[in-house]
Amino acid sequence: MSRILIIEDEKSLARFIELELHHEGFETQIALDGREGLSLAINEEWDLILLDLMLPNLNGIEICRRIRTQKDTPIIMLTARDSVFDRISGLDSGADDYLAKPFEIGELLARIRSLFRRMNRLDSFNNNKLVFKDLIVDQEGCIVKQGEDTLQLTKREYELCIIFMKNINRVLTREMLLDIVWGFEFSVETNIVDVYVRYLRNKLDADSPSRYIKTVRGIGYVMRQ
């Protein structure tokens, strides 16, 4: 049975989510305080963490950052703040998905299912090395090398790199990348994809940003031989 930690200070909302997750067959625990949530997240094993942004004593961004220094547990951030900047801040801190309040419970459940599917897809990649030009990705060790140099990629950049290298010569639309890498199944700004592709390009080759990932105007991106 999958275990989900709910870090949410609104008692009624936390309890409602817990009941719905129990109905879906998940085991849950609630933390109403940021520090308590961080302790549970670090010291116990979870299949998923639902993390509120605004919490007493320790906010969700800081909790997410501290978790990411020790664990790769999937995290969906829940918050009433829904600007593009807030979403990017949440994702940059290490969250895997971002859902604005108020939300329908069906949407949350769909995002949980999507995230578990995505994690399963990424886990299935971790048995071999990927090679493209002078790029080598050791998926078992989560290491990306360019020639003799090891690149320091963020979690999101690393996932994007894997998806591109698993789809050489295949044009990937922004919507496809959102679904595979971010797990968004609903309407969000696709410019988040453009931002992270630019980050990845700059790290792959700052002098020639189109050497590996090429833009297909009006459609998306491709790694092409």
Common cluster, V216/L178, ILVMFWY with side-chain heavy-atom separation under 4.5 Å: no
Backbone of E62 reached by a side-chain donor or acceptor of N59 within 3.5 Å: yes
Spatial distance of atom SG (C64) from atom CE (M77) [nearest 0.5 Å]: 4.5 Å
C161 to V137 - nearest heavy-atom pair and separation: SG-CG2, 4.2 Å
Close side-chain approach of N202 and R198, heavy atoms under 4.5 Å: yes
Working for side chain to side chain contact (heavy atoms under 4.5 Å, CB included), residues V222 and I213: CA-CA 6 Å; V222 61; I213 304 171; over 6 Å; no
Test item: E44 side-chain N/O and A41 main-chain N/O as donor-acceptor pair under 3.5 Å: no
Atom of K166, atom of L130 and distance for their closest heavy-atom approach: CD-CD2, 3.6 Å
Heavy-atom check, side chain of L53 versus side chain of L78, under 4.5 Å: no
Trace of the side-chain hydrogen bond (donor to acceptor under 3.5 Å, both in side chains) decision for Y158 with Q152: CA-CA 9 Å; Y158 174 76; Q152 300 301 316; over 6 Å; no
Min side-chain heavy-atom separation D96-K155 under 4.5 Å: yes
Polar side chain donor-acceptor pair, Y212 to D134, under 3.5 angstrom: yes
Between T215 and R201: side-chain donor-acceptor atoms closer than 3.5 Å: yes
Interatomic spacing from CD1 in I42 to CD in Q70 - rounded to 0.5 Å: 4.0 Å
pair M176-D179: side-chain heavy atoms closer than 4.5 Å: no
Shared hydrophobic cluster, L204 / I168 (ILVMFWY, side-chain heavy atoms < 4.5 Å): yes
Side-chain heavy atoms of L172 within contact of F164, under 4.5 Å: yes
Side-chain heavy-atom pair L51, I76 within 4.5 angstrom cut-off: no
Over all atoms of both residues, closest heavy-atom pair of E10 and E8: N-OE2, 2.9 Å
Side chain R68, main chain G94, donor-acceptor under 3.5 Å: yes
Hydrophobic cluster identity match, I105 and I4, side-chain contacts under 4.5 Å: yes
Pairwise side-chain contact, Q29 with R3, heavy-atom cut-off 4.5 Å (strictly under): yes
Shortest non-hydrogen contact between D47 and S2, atoms and distance: OD2-CA, 3.1 Å
Nearest-0.5 Å distance, OG1 of residue T79 to CE of residue M54: 7.0 Å
CG-CD distance between L151 and Q146, expressed to the nearest 0.5 angstrom: 5.0 Å
Distance-minimising heavy-atom pair for L21 and I6: CD1-CD1, 4.0 Å
Derivation of the side chain to side chain contact (heavy atoms under 4.5 Å, CB included) call for L32 and K11: CA-CA 7 Å; L32 300 173; K11 293 183 180 180; 3.6 Å; yes
For the student: nearest non-hydrogen atoms of L40 and A31, plus distance: CD1-CB, 4.0 Å
Working for side chain to side chain contact (heavy atoms under 4.5 Å, CB included), residues E45 and T73: CA-CA 8 Å; E45 295 302 317; T73 309; 5.6 Å; no
Nearest-0.5 Å distance that lies between atom CG in D9 and atom CD in E36: 11.5 Å
4.5 Å side-chain heavy-atom contact, L50 and L5: no
Same cluster (ILVMFWY, side-chain, under 4.5 Å), L48 and F16: yes
L58 and L38: CA distance, side-chain angles, deciding distance, side chain to side chain contact (heavy atoms under 4.5 Å, CB included) verdict: CA-CA 9 Å; L58 199 63; L38 177 62; 3.7 Å; yes
CZ-CD distance between F26 and E18, expressed to the nearest 0.5 angstrom: 13.5 Å
